[in-house]
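These notes are about the structure you will find just below.
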Number of protein chains: 2
Amino acid sequence: MDKANKSSYAARAAVLKALAHPTRLWIVDQLASSERCVCEFVNEVDADFSTVSKHLSVLKQAGIVADDKRGNKVFYKLIMPCTRQFMNCINSVLRNEAAARTAALERTV
Amino acid sequence: MDKANKSSYAARAAVLKALAHPTRLWIVDQLASSERCVCEFVNEVDADFSTVSKHLSVLKQAGIVADDKRGNKVFYKLIMPCTRQFMNCINSVLRNEAAARTAALERTV
DNA sequence: TGAGTATTTGGCAAAATTACCAAATATTGG
DNA sequence: CCAATATTTGGTAATTTTGCCAAATACTCA
């Protein structure tokens, strides 16, 4: 693996890393339907204001969301819509795994 | 966000977390075309035997790859093929970002 | 201007990740 | 069985991530 290749993989890994957190994933899911302001998230997530803000900052840094300040609120929107497809992909795999586990259990009965 | 929801997001985040490392991403890319044995990776990645083995273990744990021991070699194969589509998604976003950066630079000239 | 609301930032401690080395395990072939 | 090869596992130090608190910043409205 040469140097150019290495940094290319690092760039992609950085996007994945930004998505790889339950709260951030949930945020992305929320943003899939429409933009939201930070205050809306804080009410629904069991975490500090500052924690939510930092999660959003991670997503923004990775190029997954963009922010837009209007009044004293900051609205975030998804600018990497294809994450949605990927979630479907992961979901189907997780469902398969769950089904496989169930089947394995039933064989032991 | 209720408890069931929370653990569902955690499960998906775990898959993403497993993918979120340059070396692991590279491994997944290699496995996209065909199965490989650990020894093949070690020669190409600039890392210790044990490091590669642990990366593979992370991917396996996440349900992304499966292993198959034949002789004294262990072969790994991709069992979550849709990761490929997602990489395309990420790549297109990264290309857009690069293009945007270039455009921004040119505006300053 | 000043109080109130919304959000970000800095600091810090706890937890998780990473990568190396050394040692253990498994398998093949002589 | 023994030596050689392939891989995994345990231990550990360095680095990164996470999440809270407190403080700073930004904006609105009276």
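Heavy atoms only: backbone and side chains are in, while hydrogens, waters and symmetry mates are out.
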**Report entry** Identified side-chain contact (heavy atoms from CB on, under 4.5 Å) partner of A:Leu16 from the options B:Thr83, B:Val15, B:Leu16
**Finding:** B:Leu16
Query raised in the report: Any idea which of D:dT7, C:dC20, D:dC20 is nearest the B:Ala47 side chain?
Result: C:dC20
Query raised in the report: What integer distance in Å separates A:Lys60:NZ from C:dT9:C1'?
Result: 13 Å
Report summary line: Atom CG of B:Asp68 and atom P of D:dT8 are separated, to the nearest Å, by 12 Å
Report summary line: B:Leu56 and B:Val65 have their tightest heavy-atom pair at O-CG2, 4.1 Å
Requested in this report: Round to the nearest Å and state the distance from B:Leu59 atom CG to C:dT17 atom P.
Outcome: 14 Å
Query raised in the report: So what does B:Lys69 touch, heavy atoms closer than 4.0 Å: a base, only the sugar-phosphate, or nothing?
Result: sugar-phosphate
Query raised in the report: Could you state the CG-P distance from A:Leu56 to D:dT17, rounded to the nearest angstrom?
Result: 17 Å
**Report entry** Greater than 12 external heavy atoms within 6.0 Å of B:Asn43's CG
**Finding:** yes
Query - Proximity to the side chain of A:Ser50 - top-ranked nucleotide from C:dC20, C:dT8, C:dA6 - result: C:dT8
Query - Closest nucleotide among D:dC20, C:dT17, C:dT7 to the B:Lys17 side chain - result: C:dT17
Query - Euclidean distance, atom CG of residue A:Leu16 to atom P of D:dT17 [Å, nearest integer] - result: 14 Å
Requested in this report: Under 4.0 Å between any heavy atoms, over every strand shown, what does A:Tyr76 touch: base, sugar-phosphate, or nothing? Just pick one.
Outcome: sugar-phosphate
Requested in this report: Kindly say if B:Thr51 contacts the phosphate of C:dC20, meaning a side-chain N or O under 4.0 Å from OP1 or OP2.
Outcome: yes
Query raised in the report: Going through the distances and angles, do A:Asp68 and A:Lys77 end up as a salt bridge (charged side-chain N to carboxylate O under 4.0 Å, His left out)?
Result: CA-CA 8 Å; A:Asp68 179 23; A:Lys77 67 177 173 187; over 6 Å; no
Requested in this report: Respond yes when some side-chain nitrogen or oxygen of A:His21 is under 4.0 Å from OP1 or OP2 of D:dG19, and no when none is.
Outcome: yes
**Report entry** Nearest listed nucleotide, side chain of B:Val38, among C:dT9, D:dT7, D:dC21
**Finding:** D:dT7
Query raised in the report: Is the charged tip of A:Arg70 near the ring of A:Phe75: under 6.0 Å from the six-membered ring centre and within 45° of its axis?
Result: yes
Requested in this report: Calculate the interatomic distance between A:Ile27 atom CD1 and C:dT7 atom P; express it in whole Å.
Outcome: 12 Å
**Report entry** Sugar-phosphate only, base, or nothing, as touched by A:Arg70 at under 4.0 Å among non-hydrogen atoms
**Finding:** nothing
Query - Contact under 4.0 Å: A:His55 side-chain N or O vs D:dT17 OP1/OP2 - result: no
Report summary line: Between CZ of B:Phe49 and P of C:dT25 the distance, given in whole Å, is 19 Å
Query - Gap between atoms CZ and P, on B:Arg36 and D:dA6 respectively (whole Å) - result: 17 Å
Query - Nucleotide nearest B:Arg24 when distance is taken to its side chain, options D:dG19, D:dA26, C:dT18 - result: C:dT18
**Report entry** Residue whose nearest DNA chain D nucleotide is more 5′ - B:Lys54 or B:Asn72
**Finding:** B:Asn72
Requested in this report: Would you check if the side chain of A:Glu44 reaches a backbone N or O of A:Phe41 as a donor-acceptor pair within less than 3.5 Å?
Outcome: no
Query raised in the report: When we call it a touch if two heavy atoms are under 4.0 Å apart, what does B:Phe41 touch: a base, just sugar-phosphate, or nothing?
Result: nothing
